[in-house]
Amino acid sequence: MSKQQDTSKLWGGRFNEPTDSFVQRFTASVTFDQRMAAQDITGSLAHAQMLCNVGVLSAAELAQIQDGLATVQQEIDDGSFQWSIELEDVHMNIEARLTELIGTTGKKLHTGRSRNDQVATDIRLYLRQAIDRIASELGRLQTGTITLAAANTETIMPGFTHLQTAQPVSFGHHLLAWNEMLERDYGRLMDCRARMNQSPLGAAALAGTTYPVDRAQTAAALGFDRPTENSLDSVSDRDFAIEFCSFAALLLTHLSRMSEELVIWTSAQFNFIELPDRFCTGSSIMPQKKNPDVPELVRGKVGRVNGHLISLLTLMKSQPLAYNKDNQEDKEPLFDTVDTVLDCLRAFADMVPAIKPRVDRMRDAARSGFSTATDLADYLVRQGLPFRDAHEVVGKAVAHGVETGLDLAEMDLATLQGFHAGITEDVYEVLTLEGSVSARDHLGGTAPRQVAAAAQRALAALQSR
Ligand code: ARG
């Protein structure tokens with residue numbers, strides 16, 4: 001029987017029949033990995049330059065490859081590039097087109113390289129760019145958050161535990177708590193970037209290559225800190241993608257918490273803030289509705305991002321060294337995570353500076369709900385009462401307030417003295433909202449001057465990035 005070669009395949013040499021058409025579609029990745037085309041070309045240019053420098057390619061061949069790849073990039077940019085499922089993935093599509101354009105020299109590009117180290121390089125280049133864009137959107141959100149905080153150091157709202165009124169806090173203090181979460185997210189993102197920024201190029205299929213490749217040279221040309229150490233590990237592990245997704249899961253978790261607060265604060269019952277109409281939508285049946293869709297959607301997006309993290313962890317689990325086709329499944333979850341993170345950050349970075357606090361509503365809410373009860377207890381402690389006894393006395397006063405509908409600050413002196421004889425006129429200084437927040441005057445406390453200083457430090461940290 002004569003050997004029936006499938007000539008369209010770059011690896012067709014040892015095959016006796018064409019690939020089953022379903023298998024072709026099933027194993028192809030070009031529909032999604034073409035997103036890494038620019039990185040693939042950048043990697044190829046660095047590889048070709050290095051091959052020339054070490055004498056594997058001639059200067060003329062290098063020039064041909066450079067011209068050809070420039071044309072390919074041009075075709076991709078203007079949309080005329082013909083992507084083909086038969087060519088399986090982004091790497092072979094580009095290489096095949098290069099050979100079509102420049103002839104035999106195109107076939108030399110893959111010398112000393114495998115798609116295994118190629119794809120490991122492409123994903124890192126892609127993710128590194130994505131990380132830099134994410135870092136800048138995150139910075140924009142943090143700037144907006146800190147700026148709003150700095151403008152609201154003296155805006156008083158109820159602080160909550162168990163979503164029950166606890167103690168009055170500065171609205172700026174609350175916003176700076178958000179910023180702390182985001183600051184740690186930024187740190188995790190940078191850790192991930194630093195660990196992944198190594199070049200797998202030169203690992204070839206799994207064992208290295210017989211050509212005298214200069215891995216340090218390609219690493220430097222591509223902006224990597226250094227080449228990876230071990231060829232088997234270089235082509236196999238996707239831990240950097242998992243690490244990125246775990247950063248993303250935590251970031252989205254934080255954004256979902258902020259979203260939840262925005263949803264609560266915009267409800268008619270709370271009415272603490274106003275979100276501009278452009279971030280909200282209406283109801284098709286209830287004319288009065290203005291729904292906080294943007295924060296609700298961000299809150300919902302955490303589901304897919306958490307899912308992608310679990311997908312990648314499960315994908316990697318139990319894979320033997322070195323490269324396995326399983327790893328082709330890393331891209332869609334990773335890409336969707338990048339897209340989702342960028343969209344959610346953009347939504348928040350646009351929305352947060354537009355938040356209008358309803359200062360009076362927040363104040364009223366802080367005033368009712370006995371938010372200064374702890375301050376009264378502390379006052380009694382200063383009079384010599386043990387804290388547990390003071391707690392008991394104030395508990396009784398609150399119970400009286402619940403019965404009569406009076407807040408502590410609204411009870412007259414005689415009434416308060418009924419709970420403890422030592423109480424004097426100066427008690428009203430600690431029962432006011434301003435007195436309560438100003439008294440928490442230490443690092444990390446909610447006193448307006450502490451919040452202002454914290455906002456300054458947060459801004460300085462942001463600017464020194
Ligand atoms: N499309 C493949 C991937 O995404 C590229 C590497 C394929 N290598 C191989 N030997 N089949 O992982």
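Excluded from the calculations below are hydrogen atoms, water molecules and symmetry mates; all remaining heavy atoms, backbone and side chain alike, are included. In this chain, residues are counted from 1 in sequence order.
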Note: [X]-[Y] ion pair, threshold 4.0 Å (strictly below):
X	Y	result
Arg382	Asp378	no
Glu260	Arg299	yes
Arg188	Asp185	yes
Glu183	Arg457	no
Arg193	Asp132	yes
Asp330	Arg238	yes
Arg361	Glu274	no
Arg35	Asp339	yes

Residue [X] excluded, over 12 heavy atoms near [atom1] under 6.0 Å:
X	atom1	answer
Glu296	CD	yes
Arg358	CZ	yes
Arg465	CZ	yes
Lys317	NZ	no
His391	NE2	no
Gln288	CD	yes
Glu154	CD	no

Can you tell me if [X] uses its side chain to pair, donor with acceptor, with the backbone of [Y] under 3.5 Å?
X	Y	answer
Ser259	Pro295	yes
Asp20	Val23	yes
Ser267	Val263	no
Thr415	Met411	no
Arg440	Ser436	yes
Lys9	Pro18	no
Glu410	Asp407	yes
Asn324	Asp326	no
Asp237	Asp239	yes
Thr432	Gly435	yes

Indicate whether any N or O donor in one side chain lies under 3.5 Å from an N or O acceptor in the other, for [X] and [Y].
X	Y	value
Thr374	Gln167	yes
Ser29	Asp89	no
Asp40	Gln34	no
Asp122	Gln118	no
Tyr323	Asp117	no
Arg113	His110	yes
Trp178	Glu261	yes
Gln450	Asp441	yes
Asn152	Thr155	yes

Go through the steps to decide whether Glu434 and Arg363 satisfy the test salt bridge (charged side-chain N to carboxylate O under 4.0 Å, His left out), and finish with yes or no.
CA-CA 10 Å; Glu434 282 72 18; Arg363 221 194 129 71; 2.6 Å; yes
For [X] versus [Y], what's the shortest heavy-atom pair and its separation?
X	Y	value
Asp225	Ala194	OD2-O, 4.2 Å
Ala373	Val398	CB-CG2, 4.2 Å
Thr121	Pro200	OG1-CD, 3.5 Å

Hey, mind stepping through Phe335 and Tyr126 against ring-ring contact (aromatic ring centres under 6.0 Å, His included) and telling me if it holds?
CA-CA 9 Å; Phe335 294 162; Tyr126 169 83; 4.9 Å; yes
Stepwise salt bridge (charged side-chain N to carboxylate O under 4.0 Å, His left out) test for Asp350 and Arg140
CA-CA 9 Å; Asp350 288 348; Arg140 196 161 73 84; 3.0 Å; yes
Go through the steps to decide whether Gln129 and Arg124 satisfy the test side chain to side chain donor-acceptor pair (under 3.5 Å), and finish with yes or no.
CA-CA 9 Å; Gln129 263 176 29; Arg124 280 174 171 82; over 6 Å; no
